[in-house]
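In what follows, a structure is listed as structure tokens, so that the remarks can point back to it.
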Number of protein chains: 2
Amino acid sequence: MPAPERTSLDEIAAAALELLDEGGLGALTMQAVATRVGVRAPSLYKRVADRTALVERVFLACAAELDAVMRAAAERAGSDGGDRIVAIVVAARDYAHASPHRYHLIFGGVVTDADPAALERSAEPIVAACRALVGPDRALDAARTVTAWAQGFLLMELSGSFRLGGDVEQAFLRGARWIADALVADRDQRLP
Amino acid sequence: MPAPERTSLDEIAAAALELLDEGGLGALTMQAVATRVGVRAPSLYKRVADRTALVERVFLACAAELDAVMRAAAERAGSDGGDRIVAIVVAARDYAHASPHRYHLIFGGVVTDADPAALERSAEPIVAACRALVGPDRALDAARTVTAWAQGFLLMELSGSFRLGGDVEQAFLRGARWIADALVADRDQRLP
DNA sequence: ACCTGAACACCGTTCAAGT
DNA sequence: ACCTGAACACCGTTCAAGT
């Protein structure tokens, strides 16, 4: 009774990510993953509790990736708070266009019970930029406004919900500016 | 060969809506619908092309319902453009809380090939309020900003994505005000 | 003209049997 | 200790056979 290992958790996760990129979450089936790593579906359950756990693992990897992208954009941007927020959401849009299925997995609301600590960390770049802009008291409200808008816009853009014509990129940049300027105005109004 | 009709398209659609409300889109299976209307699953295909068509039918009914809710809120609100937008998104939030699965169906991005005319009509209340506020040139960009933010916020709220504490309702109202005020400021800046 | 059981091609998942 | 085929409970969908 030897026991030759024919695959690994990392290989399984990599195959799952490939399938997500190629055909969305619907294409990420246990059978497809098994085929790709050269094994039968039941064998996957030696390394992964069930499909939900595998999807969550891919979700966390994608969330960490987007987090890194936004952090890098925030650092590249100047010290101006408004510009920083615009730079972060533009980076998020680039990511959404480059990896639409990953973006959809992160924000589509399918994964709901993921590690809270990882989620807090990935929200941090925007919270930090908002804190610098509007102060600690309103930082959370501001971050929720920015995140909700960007995530909502990009999900609508990816799913083709903008059917009334017009320049979608311009709408995005203008929206980013409106929100950033509103936060600046809120601060200026309170600190005369 | 008589032909007793044991159900109807309306009854099928009503059962589908009930199942959506009770357990989300995942509970809306052809078998569950069939059981509820007192028929076997294959019989449904006499009235409905396939599950996608049935889901789309429910989707259109929900979109029309939300549309009516937002129109009523817009009419109830005063003539002030900013207040009107706030009233519309607050009405959308009430709807999302009262019928979370319907709201998720409308904006969750599952239905993607629905009747474009119905979608344009349902976007109209917000476009009209934005037109009154920022003029025709920027009305579409403004409506996209408002819709993306509201839809993103409510989807995140429904899926429990706001895990950092704080008052979520306050964040919503403050976000609505920030965006409405940004649109007013944009107009005032252009028309001195 | 509608309804049905049986069947098919898929899912995810379990488990006893192989090595 | 890992892998497998067979099996189970679900899906959506098709279709020949019933009335």
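A note on names: the letters A, B, ... follow the listed sequences, proteins ahead of strands, and every chain is numbered from 1.
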Atom CD of E5(A) and atom P of dT4(D) are separated, to the nearest Å, by 13 Å
Could you give the CG-to-P distance, from D50(B) to dC15(D), as a whole number of Å? 14 Å
Select base, sugar-phosphate, or nothing to describe what T29(B) touches, counting heavy atoms under 4.0 Å on all strands. sugar-phosphate
Partner nucleotide, any strand, of dC3(D) [Watson-Crick/G-U, under 3.5 Å]: none
Around E22(B), counting heavy atoms of other residues, nucleotides and ligands shown, do more than 12 lie under 6.0 Å from its CD? yes
Think S43(B) has a side-chain N or O under 4.0 angstrom from the OP1 or OP2 of dC2(C)? no
Given dT13(D), dC2(D), dG5(D), the nucleotide with the shortest approach to the side chain of A41(B): dT13(D)
Taking CZ from R47(A) and C1' from dT4(D), how many angstroms apart are they, rounded to a whole number? 14 Å
Determine the contact category for T7(B): base if any of its heavy atoms lies under 4.0 Å from a base atom, sugar-phosphate if only primed atoms, P, OP1 or OP2 are that close, otherwise nothing. sugar-phosphate
Whole-Å distance between dC10(C) C1' and L28(A) CG? 16 Å
Tell me: OH of Y45(A) to P of dT13(C), nearest whole Å? 4 Å
Rounded to the Å, how far apart are L44(B) CG and dT4(C) C1'? 12 Å
Consider the side chain of P42(B), meaning its heavy atoms from C-beta on, and name the nucleotide among dG5(C), dG12(D), dT13(C) that approaches it most closely. dG5(C)
Would R163(B) and E120(A) satisfy side-chain contact (heavy atoms from CB on, under 4.5 Å), going step by step from the backbone distance to the final call? CA-CA 8 Å; R163(B) 272 172 260 229; E120(A) 289 190 25; 5.6 Å; no
Atom CD of Q31(B) and atom C1' of dC11(C) are separated, to the nearest Å, by 13 Å
Starting at atom CZ of R51(A), determine the distance to atom P of dT14(C), rounded to an integer number of angstrom. 15 Å
OP1 or OP2 of dT4(C) sitting under 4.0 Å from any side-chain N/O of R40(B)? no
Could you let me know what dC10(D) is paired to, Watson-Crick or G-U wobble, both distances under 3.5 Å, or none if it's on its own? none
Where is the tightest heavy-atom contact between L20(A) and C62(A), given as atom of each residue plus distance? CD2-SG, 4.4 Å
Between R6(B) and dA1(C), is there a side-chain N or O to OP1/OP2 distance below 4.0 Å? no
Searching all strands shown, indicate the nucleotide that pairs with dA17(D) (Watson-Crick or G-U wobble; both distances under 3.5 Å). none
If you apply the rule salt bridge (Lys or Arg N to Asp or Glu O under 4.0 Å), what do you find for D80(B) with R84(B), and how did you get there? CA-CA 6 Å; D80(B) 178 81; R84(B) 235 175 150 87; over 6 Å; no
Would you say S161(A)'s side chain and E157(A)'s backbone share a donor-acceptor pair under 3.5 angstrom? no
